[in-house]
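Read the numbers this way: they start at 1 and go in the same order the structure lists the ligands and their atoms.
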Amino acid sequence: MRFSAAVLSLAASLFAVSTNGSILPVPRQSKPWSAKQFSSLITFGDSYTDESRLGWFINHNGSAPAPGTLLPESFATAGGGRTWPRYVVQYTGATVQGKWTPQMTLYNYAVSGAVCSNNITPRWFEAIDAPFPAVLEYEIPAFIADLPATKVNSTPAVPLYNPKPTAQDAVYALWIGTNDLGVWAFLTDSQIAGKVLADYTSCVYQVFDKLYASGGRHFVLMNTAPLDLAPLYANDSYHGVGDNQYWPDKPTNHTAIAYTMRQYTTSVNNVFKYQTPYEVKVANRYPSAHFALFDTHTLITDIYNNPAKYLNGTGVAKEGESVWGFENHCNVNQTTCVKRANGTNSDGYLWFDELHPSEQTDRNIAMEFVKVLNGTSKYATYI
Ligand SMILES: *[C@@H]1O[C@H](CO)[C@@H](O)[C@H](O)[C@H]1NC(C)=O
Ligand SMILES: *[C@@H]1O[C@H](CO)[C@@H](O)[C@H](O)[C@H]1NC(C)=O
Ligand SMILES: *[C@@H]1O[C@H](CO)[C@@H](O)[C@H](O)[C@H]1NC(C)=O
Ligand SMILES: *[C@@H]1O[C@H](CO)[C@@H](O)[C@H](O)[C@H]1NC(C)=O
Ligand SMILES: *[C@@H]1O[C@H](CO)[C@@H](O)[C@H](O)[C@H]1NC(C)=O
Ligand SMILES: *[C@@H]1O[C@H](CO)[C@@H](O)[C@H](O)[C@H]1NC(C)=O
Ligand SMILES: *[C@@H]1O[C@H](CO)[C@@H](O)[C@H](O)[C@H]1NC(C)=O
C-alpha cells in the first residue's frame with residue numbers, strides 16, 4: 001500500500017518509534033481545551049481588543065511601555081466600554097468567600113489602529129508621528145520582552161508573569177485584520193507596492209511561529225468580522241455612512257466599498273479555514289500545539305440577523321437601527337460626539353460607532369470565547 005506524504009506526516013504525529021523499533025501510539029491529551037486550565041490570557045490585535053495600549057503611546061509622546069508594565073483596565077475603550085478580553089477575565093473568575101478571585105490574568109498587547117505587519121500595510125498616526133505599532137513588529141516583541149521582566153517599580157522585584165506561562169495554562173488570542181483590510185490599507189490600495197492579501201494571511205502564521213517558539217501551545221485565531229455590515233463599509237441598503245471620523249473624504253459609491261469588504265473578509269477567512277489545519281496537521285508547523293479557529297464573522301452576522309437574542313439596551317430609536325445604526329456620533333474632525341441613546345442604553349446597539357462593536361457585542365464575544373476555551377463552542381473549529 002502506498003501513502004501520500006501528507007498521510008505519512010499525519011501518521012508520524014500520532015505514532016513514535018520505540019527503541020526496539022516497534023511503533024507506539026503517542027499519548028494524546030484527552031481534552032486539550034478546558035476553560036478551567038487557563039491562568040494567563042495573552043491577547044494581540046487592534047482596537048477590537050485594545051484596552052489601553054495605544055493610549056499609553058499617545059500619553060507618552062509615542063514611546064512604548066517599558067517591559068514589565070501591566071497596563072490598567074479601561075472602562076472607555078474604542079467600543080465605548082470594557083473590552084471583550086476583560087469580560088473573559090470577569091466571566092471566568094468567581095467570588096470566593098466574599099472576595100473577587102480572577103482565574104486569569106490578562107496580558108493585552110493589542111494596539112488600536114494596528115495591522116499585522118507594517119511591512120505590508122503601514123498606516124500613519126499623527127499623534128505619535130509614526131505608523132500605528134503593528135502585531136509582528138511591536139506587539140510580539142513587547143510580549144517577548146515582558147516574559148522575563150519584573151514589574152516596573154516593584155520592590156522587592158516581582159516577575160510580571162508570575163508564575164511564568166506554561167504550555168498548559170496560557171492561551172494566546174489573535175484578532176487582526178480590521179485595519180489591514182480597511183481604509184488606508186488594502187481597501188484603498190494603500191499597501192506597500194506589490195503586497196497582496198496572502199502577505200497578510202502569511203503574517204498571521206508568522207505571529208504564531210513566534211508565539212510557538214516562546215512556548216505557547218494553545219492558540220485562538222479569531223477570523224475577520226463582517227466589515228461589510230459595519231456602518232463604515234456597508235452599502236446604502238445597509239445604511240453605510242458618508243464622510244466620517246474614520247474616512248473623511250469617503251467615496252460615494254458605497255456599493256463598491258461593501259462588495260470589496262465582503263470579498264476581502266470572506267476570502268481571508270476561507271484561507272484561515274483551510275490553511276490552519278494545513279499548517280498544523282500536514283506541514284507540522286506547530287508540533288503538539290492546539291488551535292481553535294473562532295468564527296467571529298458568523299457570530300457577529302448572527303447578532304446582526306437576530307439582535308433581540310443578543311442586544312438588550314432600550315434606547316434604540318427606530319426598528320432595525322440596533323444593528324445598522326450606532327451609538328456614538330462624532331463629526332468628521334472628532335471635535336464633537338453625541339451619544340444617540342443618550343449614553344444610557346448603548347447595549348441596544350451592535351456597533352458603538354461606524355467601525356467598532358459595542359460593549360454588549362463584546363460581552364457576547366467574551367461569553368462565546370469562554371466556550372471556545374472550554375472546547376464547546378459551535379463557532380469554533382478545533383485543530
Ligand atoms: C517627543 O518625541 C519627539 C520625537 O521622538 C522628540 O523630538 C520630542 O523631543 C519629544 N518630546 C518630549 C516632550 O519628550
Ligand atoms: C448590501 O450589503 C449586504 C451585505 O453585504 C448584501 O447582502 C446586499 O446584497 C447588498 N445590497 C446591495 C443592493 O448590494
Ligand atoms: C458603484 O459600484 C458598483 C460596484 O462596483 C457598480 O456596479 C456601480 O455601477 C457603481 N455605481 C456608480 C454610480 O458608479
Ligand atoms: C445587558 O446584558 C448584559 C449581560 O450580557 C448586562 O451586563 C448588561 O447590564 C445588560 N444591559 C442592560 C442595559 O440591561
Ligand atoms: C471640522 O470640520 C468642519 C467641516 O466639517 C470644518 O468646518 C471645521 O473647520 C473643522 N474644525 C477643525 C477644528 O478642524
Ligand atoms: C436623547 O435626548 C434628546 C434630547 O434630550 C431627546 O430628544 C432624544 O429623544 C433622546 N433619545 C433617546 C433615545 O432617549
Ligand atoms: C465547560 O464544559 C464543561 C463540560 O465539559 C461544563 O461542565 C462547564 O460548565 C463548562 N465551563 C464553562 C466555563 O463553560
Q. Quick one: which of N364, N312, D362 has a heavy atom closest to atom 6 (C) of ligand 4?
A. N312
Q: Would you mind listing which atoms of ligand 4 come within a distance below 4.0 Å of any non-hydrogen atom of M367?
A: 5 (O)
Q: For Y259, take its heavy atoms, then give the atoms of ligand 3 lying under 4.0 Å from any of them.
A: 4 (C)
**Q.** atom 4 (C) of ligand 2: nearest protein contact (heavy atom, Å)
**A.** D228 OD2, 3.3 Å
(Q) Only heavy atoms of S237, strictly under 4.0 Å: list the atoms of ligand 2 that pass. (A) 11 (N), 12 (C), 13 (C)
Q.
Tell me whether the count of non-hydrogen atoms from other residues, nucleotides or ligands lying under 6.0 Å of CG in N153 goes above 12.
A. no
Q | Pi-cation contact, F326 with R340 (under 6.0 Å, within 45°) | A | no
Q: Answer yes if a protein heavy atom lies under 4.0 Å from atom 9 (O) of ligand 2, otherwise answer no.
A: no
Q: Determine, for R82 against E73, whether the closest basic-nitrogen to carboxylate-oxygen distance falls under 4.0 angstrom.
A: yes
Q | Y109: which of T43, D50, T49, D146 passes side-chain contact (heavy atoms from CB on, under 4.5 Å) | A | D146
Q. For ligand 2, does A258 get within less than 4.0 Å through its side chain, its backbone, both, or neither, judged by non-hydrogen atoms?
A. neither
Q: For R262, counting its heavy atoms only, list the atoms of ligand 2 lying under 4.0 Å from any of them.
A: 5 (O)
(Q) Please list the nearest protein heavy atom to atom 12 (C) of ligand 2 with its residue and the distance rounded to 0.1 Å. (A) N235 ND2, 3.3 Å
Q. What's the shortest distance from atom 11 (N) of ligand 3 to any protein heavy atom, and which residue and atom give it?
A. N253 ND2, 2.8 Å
Q. Are side-chain N/O atoms of Y200 and Q191 paired as donor and acceptor at under 3.5 Å?
A. no
Q. Does the ring centre of Y304 sit less than 6.0 Å away from the ring centre of Y238?
A. yes
Q: Specify the protein heavy atom at minimum distance from atom 7 (O) of ligand 2: its residue, its atom name, and the distance to 0.1 Å.
A: Y238 OH, 3.8 Å
(Q) I need the single residue from P159, P165, P163 that forms a side-chain contact (heavy atoms from CB on, under 4.5 Å) with Y161. Which is it? (A) P165
Q) Is the closest basic N to carboxylate O distance between D295 and K378 below 4.0 Å? A) no
**Q.** Ring centre gap for F208 and Y172 strictly below 6.0 Å
**A.** no
**Q.** Any N or O of Y91 closer than 3.5 Å to N or O of ligand 4
**A.** no
Q | Nearest-contact summary for atom 5 (O) of ligand 3 - protein heavy atom, Å | A | A256 CB, 3.9 Å
